[in-house]
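Written out below as structure tokens is the structure these notes cover.
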Amino acid sequence: MTHSHPAPWRHIPYIPYTPPQGGLAAARNFHDAMRRRRSIRFFSDRPIEAGVLDLAIAAAGSAPSGANKQPWRFVVVQDAGIKREIRLAAEAEERDFYARRAPPDWLADLAPLGTDSEKPFLETAPALIVVMKLMKDDPDAQGRQGNTYYVNESVGIAVGFLLAALHLSGLATLTHTPSPMGFLTKVLGRPEHERPFLLIPTGYPAPGCTVPDIVKKPLGQIMVKDRG
Ligand SMILES: Cc1cc2nc3c(=O)[nH]c(=O)nc-3n(C[C@H](O)[C@H](O)[C@H](O)COP(=O)(O)O)c2cc1C
């Protein structure tokens, strides 16, 4: 029995990743670290160590994607003027959301988080990572654009990698979705085939930063074995 793929496609050996401490210890370490991740909404302006964002985004770029189309772009915004433009545009949308567009159920679900239309962190955080999803491939030299597949699933997985990489590098994040996010295309001058997916402020927490006292569902509630 063969475990390699038939010609004509070129295949290479798969090199397994073997955690030096063993699988269970590695799983435990990862869980211990990840369960301490929280979304924060109070950032300090402390700069991010050089190289960390590049490596975290490169890690995100290693994610699986539909037909390996890698339908993502990560726009790193560190310029104070652009951050201010984003804050002003986001707050305008959010004021309308909280005052008019949000259905009562949604507002009730948001209440324990204490969020409102003020978004100072969009200026305070040293970096905003604007994640764009690619609705088509980038154009080739002739301007032709191929398709992308399972775009939301693929970009969602890549963002999971990104959040984990940033967290394990000691940075905090907020997964932010000012609604609607179309203004980001304009402010950042992105092309038509890219659509805003998420806005991720990242940096270090402000001194005394607090987070909502929420709980995660226990394993027994989120995992089912076989048919339960
Ligand atoms: C897709 C998505 C969109 C979110 N949008 C917002 C947002 O616009 N504003 C905000 O303050 N938090 C937002 N959050 C953060 C959630 O409120 C937060 O993840 C949740 O309350 C759980 O808290 P934790 O991240 O600290 O575990 C979003 C999270 C996700 C995954």
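Note that ligands are numbered from 1 as they come in the structure, with each ligand's atoms numbered from 1 the same way. Quick caveat, the model's predicted, so the values are computed rather than measured. Sequence positions, counted from 1, serve as the residue numbers for this chain. Only this structure's heavy atoms are used, side chains among them; waters, hydrogens and symmetry mates stay out.
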Does anything in residues 136-151 pair up under salt bridge (Lys or Arg N to Asp or Glu O under 4.0 Å), and if so which pairs, sequence neighbours excluded?
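Output for this query lists Lys69-Asp137, Arg73-Asp138, Asp140-Arg144.
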List below, pair by pair, the N or O atoms of ligand 1 and of the protein that are less than 3.5 Å apart, including the distance to 0.1 Å; reply 'none' if no pair qualifies.
from     : atom 1 : to     : atom 2 : distance (Å)
ligand 1 : 5 (N)  : Thr175 : O      : 3.2
ligand 1 : 5 (N)  : Thr177 : OG1    : 2.7
ligand 1 : 8 (O)  : His176 : ND1    : 2.9
ligand 1 : 8 (O)  : Thr177 : N      : 2.9
ligand 1 : 8 (O)  : Thr177 : OG1    : 3.1
ligand 1 : 9 (N)  : His176 : ND1    : 3.3
ligand 1 : 11 (O) : Arg41  : NE     : 2.6
ligand 1 : 11 (O) : Arg41  : NH2    : 3.3
ligand 1 : 12 (N) : Arg41  : NH2    : 3.1
ligand 1 : 14 (N) : Thr175 : O      : 2.9
ligand 1 : 17 (O) : Arg41  : NH2    : 3.2
ligand 1 : 19 (O) : Ser39  : OG     : 3.4
ligand 1 : 25 (O) : Arg37  : NH1    : 3.0
ligand 1 : 25 (O) : Arg37  : NH2    : 3.2
ligand 1 : 25 (O) : Ser39  : N      : 3.4
ligand 1 : 25 (O) : Ser39  : OG     : 2.5
ligand 1 : 26 (O) : Arg38  : NE     : 2.5
ligand 1 : 26 (O) : Arg38  : NH2    : 3.4
ligand 1 : 26 (O) : Ser39  : N      : 2.8
ligand 1 : 27 (O) : Arg37  : NH2    : 2.9
ligand 1 : 27 (O) : Lys216 : NZ     : 2.6

So for atom CZ, which belongs to Phe42, do other residues, nucleotides or ligands contribute more than 12 heavy atoms lying within a distance under 6.0 Å?
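No, because the 6.0 Å sphere around CZ of Phe42 holds 12 heavy atoms or fewer from other groups.
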Atom pairs and distances, donor-acceptor, side-chain atoms in residues 211-226, under 3.5 Å, two or more places apart:
none

Just jot down the side-chain contact (heavy atoms from CB on, under 4.5 Å) partners of Ala89, sequence neighbours excluded, or say none.
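Testing Ala89 for side-chain contact (heavy atoms from CB on, under 4.5 Å), a comparison that skips the adjacent residues, returns Phe183.
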Looking at Pro71, is its backbone amide N or carbonyl O close enough to the side chain of Ser154 to form a donor-acceptor pair, meaning the two atoms are under 3.5 Å apart?
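No, the answer is negative, given that no donor and acceptor are paired below the 3.5 Å cut-off.
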Ring centers of Phe197, Trp72 separated by less than 6.0 Å
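Ring-ring flag for Phe197/Trp72: false, centres at least 6.0 Å apart.
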